Amino acid sequence: YVKTDFILAAIDAVNSAILSHEADIEGLDRDIGDGDHYINIKRGCAAAAAMRPELENLTPDAALQKIGMKLLSSIGGASGPLVASFFLEMAKAIKLKQPVSLADHAELFATGVAGIQHRGKAQVGEKTMMDVLIPVSALFTQLASTHAEIDADILNAIKAEAEKGMLATRDMLATKGRAAGLGERAIGHIDPGAKSCQVMIHAVCDMLLGQAH
Amino acid sequence: YVKTDFILAAIDAVNSAILSHEADIEGLDRDIGDGDHYINIKRGCAAAAAMRPELENLTPDAALQKIGMKLLSSIGGASGPLVASFFLEMAKAIKLKQPVSLADHAELFATGVAGIQHRGKAQVGEKTMMDVLIPVSALFTQLASTHAEIDADILNAIKAEAEKGMLATRDMLATKGRAAGLGERAIGHIDPGAKSCQVMIHAVCDMLLGQAH
Amino acid sequence: MKKFMNQPDTMLTESLQGFAAAHADLVTLQLEPNYLVRAKKAQNKVAVISGGGSGHEPLHSGLLGYGMLDAVCPGFVFTSPSPDQMLAAAEAVECGKGVLFIVKNYAGDVMNFEMAAEMLSCESATVLTSDDVAVENSTYTTGRRGVAGTVIVEKVVGSLAETGADLATCKALGDRVNRRTASMGVALTSCTVPAAGKPTFELGEQELEMGVGIHGEPGRRREAMRPADEIVADLVKAILHDLAPAAGSEILLLVNGFAATPLMELYLLYNSAARLLQSHGLIISRSLVGNYTTALDMAGASITVCLLDDEIKQHWDSPVHTAALRWGM
Amino acid sequence: MKKFMNQPDTMLTESLQGFAAAHADLVTLQLEPNYLVRAKKAQNKVAVISGGGSGHEPLHSGLLGYGMLDAVCPGFVFTSPSPDQMLAAAEAVECGKGVLFIVKNYAGDVMNFEMAAEMLSCESATVLTSDDVAVENSTYTTGRRGVAGTVIVEKVVGSLAETGADLATCKALGDRVNRRTASMGVALTSCTVPAAGKPTFELGEQELEMGVGIHGEPGRRREAMRPADEIVADLVKAILHDLAPAAGSEILLLVNGFAATPLMELYLLYNSAARLLQSHGLIISRSLVGNYTTALDMAGASITVCLLDDEIKQHWDSPVHTAALRWGM
Ligand SMILES: Nc1ncnc2c1ncn2[C@@H]1O[C@H](COP(=O)(O)OP(=O)(O)O)[C@@H](O)[C@H]1O
Ligand SMILES: Nc1ncnc2c1ncn2[C@@H]1O[C@H](COP(=O)(O)OP(=O)(O)O)[C@@H](O)[C@H]1O
Ligand SMILES: [Mg+2]
Ligand SMILES: [Mg+2]
Ligand SMILES: [Mg+2]
Ligand SMILES: [Mg+2]
């Protein structure tokens, strides 16, 4: 199950991680963008974390829906609709069916990623957050098909895949988003959205790894 | 007599001196003004020097009049009307009476200075070009009352007085012109108009000193 | 970073409140969600709504008023506004003929306005502005950026909407004007985002950024500083390569300042561009010079050419009363 | 120094030509001597002529047109124009009711316009603008400087002149508005005169220049950078100390940018100033925010307060058509 408690804990973990990784993320959107990605994401994380009282007693789908709408109205920019879509699509899916098996959870995550992809229309290799989300989702799905439960190996593999996808954006040309206008000048710079997604995925994985001990 | 040849030679000497003293003058109006005094004076000197062909065959009063009007239309700023008035007043005076004695020449010069003073209404001690022109005129008048002809001693005394007056402006508060708005901040800076006048007076004196040899 | 501000996080709100107070006869500001509407709501027309990240003033709040926009949604600095802003604005101004969004073509602006349109209960349409020729338009990118030409689209569409034209007609004209408009900009300095505290990029004393964006994005290339005529020649060449106007065509020439370039230099650029365009046989029938689509505190300028026809001229000339553009009333 | 220019010594002429071309429907430029006149010469009115050093655009050429100036004499950058310019301009626009010069109170401007008036064959009068409260006015100085308040004087006098009022009446109103107007400015950067190639003074990252002049002259004092509200409080305090308006007085509030300060910050300053003035019981009946009296490329702003009455309001509101101000037509 995905419980509301888990969602709230994950939000807190992500919020903390985003705050503690300011130095890693902050300059990336200045190098190949307009310099606002970090503060957009930070604002969204803070807004989501502040919702705890109003979410605590809601069902997971209602919580995810509210979080998605709050992120939509607080992040802004390209990140806002994309990050919000992740939550909004998962809210719709979880309302129909609570995930039971690990494979169900991977499917829920994939639905969220599909939501982002539907909104942003980006594939792998375009130098966006999809270069983290799509491979991570694919790996999660694959591992979930051969494992019954989440374990440290799976979490570490997911972390590694997120890291790998983030680093892979460095030498890509951008064909989506603001950096698409830079041509070759985007090469050598990690995509900010990919970085923040990697940080967020690591935060949730670390939270689960901590709980496993 | 003041001959047109002398006027033209003096213009050339002043023009050269202004050009060669750029470093001494240029920054002064930036420190306590708006940074344009040097280029204003430079432009005027160049315009006057370029008039040679049209002045050569004119009487001195006509030449001085034309020079004054040219300076008026080419210098601009505070310096324009002031410097032009010097020439225009001397033009009017010399038309009435050509100077013969040294005292006549001092009186002509004083008439020019009075023209500037009439226009600008500044006295000694207000941190302007008058702090050079009034003492120089007074000394010239005094020396001319006891000497029959110009000589090296008189010229050197005039140069020293111009230098003294220019340096005296350094520690004055300004009560005329742009620097009047600076209060105590004007102290420690030589007045640009005083400096350019000193340079011009030295140029004419040096020309006469050279001719004396 | 030296700016007139109190706190970085109240800067935008204070500025919006100042704008609304200074133009209280013209606009009304709503907060949370943030949007502005005309002081006097229009009736019986398509409601024309625009918006985008703040930092481009007077775009778009300075274009709010009769003959132009009905509502404006300002985002955080350089950050697209969110759908809740557009929904609240639409609810405030929609008056029976639907909503036309005018949206600058950036991923964030497009997606946020798209989501707003999906959530709207009334009918809506969107005009994307994409006049910037600095970035090659290819199938592999998301299209060209919307920059100063947006002002022209908003004026012409706003004018048509004032006549009671329907949604499809307004959109069609907006798209048409957009296709006939081309722009390119150059930066002499970068800009400093308040929350960042330092410039987005560094330009040396002898460098300029050719094809710069209006969010401090770098452009086509960093180049050596050059005389104005040479810079203008490059900008105009790119624009004419795109528009390929026939000799004898009438054009609107907009020389737009990015904020920190003095008017004296903007008119010098206009002089250079006008002479060059005229040497190509083009007739400059309309002109606009000033800061209309800025990039915070950037020194730089952009040139925009719009191919005119009688309809576009008529709607450019029509009365307008906004903070930034006013004529005929 | 990075500016859009070709040669320093052609910069001004190219800019004037660009201005005249961009506003060919409104103004005509004459060169050598340099002056601008309305494209359509007025008749049967006092000819209102202003001018000054260039570098303050849109002051004064942007204020040329119906309801404001009949002619403008632009000098070199920060250098007063010379009498031959004013004589040629007067000859071009005088139409039987004399010439009114509006002159900013600086030694050079005063003397050049004075000499022009002496040389004029028609009758003339002069209004000196002296709204800057930064410099203490004492018997030992030449009086206060004329800064952004000049825009208000030119609008009100220009409007009155349009009605056919005679020379003495126009001058009287101009002097009256001048007495009721007070301004003070603050700079965050200096400015760079093209011919000089470097800034007139240096300000550190944490410094501002309080009471700065519009020619890059230093002001009252160099101070530490502070939040906007504190800066505004100092400016307003000095202005109110001078005007000493009664509570309930109506005022015009002008927040003027010196060129490089973005509109977002100008509106933030307006917000701060408006609230503070209102807390003093003053009623802000009219407002103007933008770059109207600039100082080349300086970052900074000035606040101007004009004590209104019915006559001044009427002439502020009246139709005007210039490049910088246009309403009612
Ligand atoms: N179409 C897209 N699909 C997926 N991600 C995208 C897309 N466009 C942009 N992004 C992501 O958004 C990030 C930039 O976000 P942000 O800076 O917050 O917005 P903006 O570009 O509007 O300033 C990029 O780093 C990229 O990862
Ligand atoms: N009233 C005055 N009388 C005499 N000299 C003056 C007066 N006002 C200004 N000056 C002189 O003019 C000089 C400044 O000239 P300039 O820089 O060319 O003009 P502006 O001050 O208009 O920029 C000052 O250094 C001073 O010597
Ligand atoms: Mg960004
Ligand atoms: Mg000077
Ligand atoms: Mg952004
Ligand atoms: Mg000057």
Side-chain angles (χ1 to χ4, degrees), chain C residues 1-7 11-12 14-19 21-24 54-55 57-58 62 77 188-189 203 205-206 208 225 227-229 231 253 255 259-272 274-275 284 287-289 291 294 296-297 299 301 321 323 326-329, chain D residues 1-7 11-12 14-19 21-24 54-55 57-58 62 77 188-189 203 205-206 208 225 227-229 231 253 255 259-272 274-275 284 287-289 291 294 296-297 299 301 321 323 326-329:
Chain C
M1 171 182 82
K2 267 196 289 190
K3 293 177 187 286
F4 289 115
M5 60 190 237
N6 294 300
Q7 303 298 332
M11 184 177 192
L12 182 59
E14 291 175 44
S15 183
L16 287 171
Q17 289 173 327
F19 176 80
H23 301 288
S54 291
E57 291 75 13
V77 169
L188 300 189
T189 72
L203 275 179
E205 197 39 45
Q206 293 305 319
L208 56 81
M225 182 61 189
D229 284 348
I231 295 171
L253 172 58
V255 174
T261 288
L263 209 48
M264 182 192 290
E265 292 176 45
L266 296 182
Y267 280 115
L268 185 146
L269 290 171
Y270 178 93
N271 184 56
S272 184
R275 288 167 189 259
I284 301 170
S287 303
L288 189 63
V289 180
N291 294 341
T294 59
L296 277 175
D297 54 354
H321 186 183
R326 183 173 181 180
W327 52 73
M329 57 191 295
Chain D
M1 172 181 83
K2 267 195 287 189
K3 293 175 186 285
F4 289 115
M5 59 190 237
N6 294 302
Q7 303 299 330
M11 185 176 191
L12 182 59
E14 291 175 45
S15 183
L16 287 171
Q17 289 173 326
F19 176 79
H23 301 288
S54 292
E57 291 75 13
V77 169
L188 300 188
T189 72
L203 276 179
E205 196 39 45
Q206 293 305 321
L208 56 81
M225 183 60 189
D229 284 348
I231 295 171
L253 172 58
V255 174
T261 288
L263 208 48
M264 183 193 289
E265 292 176 44
L266 296 183
Y267 280 115
L268 185 145
L269 291 172
Y270 178 93
N271 184 56
S272 184
R275 290 167 188 259
I284 301 169
S287 303
L288 190 63
V289 180
N291 295 340
T294 58
L296 276 174
D297 54 354
H321 185 182
R326 182 173 181 180
W327 52 73
M329 57 190 296

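Here the structure is a predicted model, which means the values were calculated and not measured. Atom set for the values below is all heavy atoms of this structure, side chains included, hydrogens, waters and symmetry mates excluded. Below, chain A is the first sequence line, B the second, and so on; all start at residue 1.
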- Task: Kindly say whether C:Ala228 contributes a backbone atom to a donor-acceptor pair with the side chain of D:Asn6 at under 3.5 angstrom?
- Result: yes
- Item | Region of D:Leu203 in contact with chain C, defined by heavy-atom distances below 4.5 Å | both
- Mind ranking D:Thr294, D:Val289, D:Leu269, D:Thr261 by heavy-atom pairs under 4.5 Å with chain C and telling me who comes out on top? D:Leu269
- Query: Which answer fits C:Ala274, side chain, backbone, both or neither, if we ask what part of it has an atom under 4.5 Å from a heavy atom of chain D?
  - Reply: neither
- Mark yes or no for whether D:Glu205, through its side chain, and C:Met1, through its backbone, hold a donor-acceptor pair below 3.5 Å. yes
- Item | Residue part contacting chain C, namely of D:Ala21, when any heavy atom lies under 4.5 Å | both
- Query: Does C:Pro58 reach the side chain of D:Leu263, with side-chain heavy atoms less than 4.5 Å apart?
  - Reply: yes
- Message: I need the C:Glu265 CD to D:Glu57 CD distance, nearest 0.5 Å.
- Response: 10.0 Å
- Using non-hydrogen atoms and a 4.5 Å limit, figure out which bit of C:Val77 sits close to chain D: side chain, backbone, both or neither. side chain
- Distance col, row D:Arg326:CZ vs C:Met329:CE, nearest 0.5 angstrom, shows 12.0 Å
- Query: Can you list the steps and then say if C:Leu16 with D:Asn271 is a side chain to side chain contact (heavy atoms under 4.5 Å, CB included)?
  - Reply: CA-CA 9 Å; C:Leu16 287 171; D:Asn271 184 56; over 6 Å; no
- Which atom pair, heavy atoms only, marks the closest approach of C:Leu268 to D:Phe4? CD2-O, 3.6 Å
- Query: In terms of heavy-atom pairs under 4.5 Å, which option from D:Leu12, D:Ile284, D:Asp297, D:Asp229 contacts chain C the most?
  - Reply: D:Asp229
- Using a cut-off of under 4.5 Å for heavy-atom pairs, which of D:Ala323, D:Gly62, D:Ser287, D:Ser272 has the most such pairs with chain C? D:Ser287
- Options D:Gln206, D:His321, D:Glu14, ranked by heavy-atom pairs under 4.5 Å with chain C, top entry: D:Glu14
- Message: So for D:Ala301, is it side chain, backbone, both, or neither that comes closer than 4.5 Å to the heavy atoms of chain C?
- Response: both
- Heavy-atom proximity to chain C below 4.5 Å, by part of D:Leu188: both
- Message: Suppose we call two aromatic rings close when their centres sit under 6.0 Å apart. Are D:Tyr267 and C:His23 close by that rule?
- Response: yes
- Note on the structure: Given D:Gln7, D:Lys3, D:Met225, the one with more heavy-atom pairs under 4.5 angstrom with chain C than any other is D:Lys3
- Item | Interface moiety of D:Ser54 toward chain C, non-hydrogen atoms closer than 4.5 Å | both
- Item | Heavy-atom pair with the smallest gap, counting every atom of C:Met264 and D:Leu296 | CE-CD2, 4.3 Å
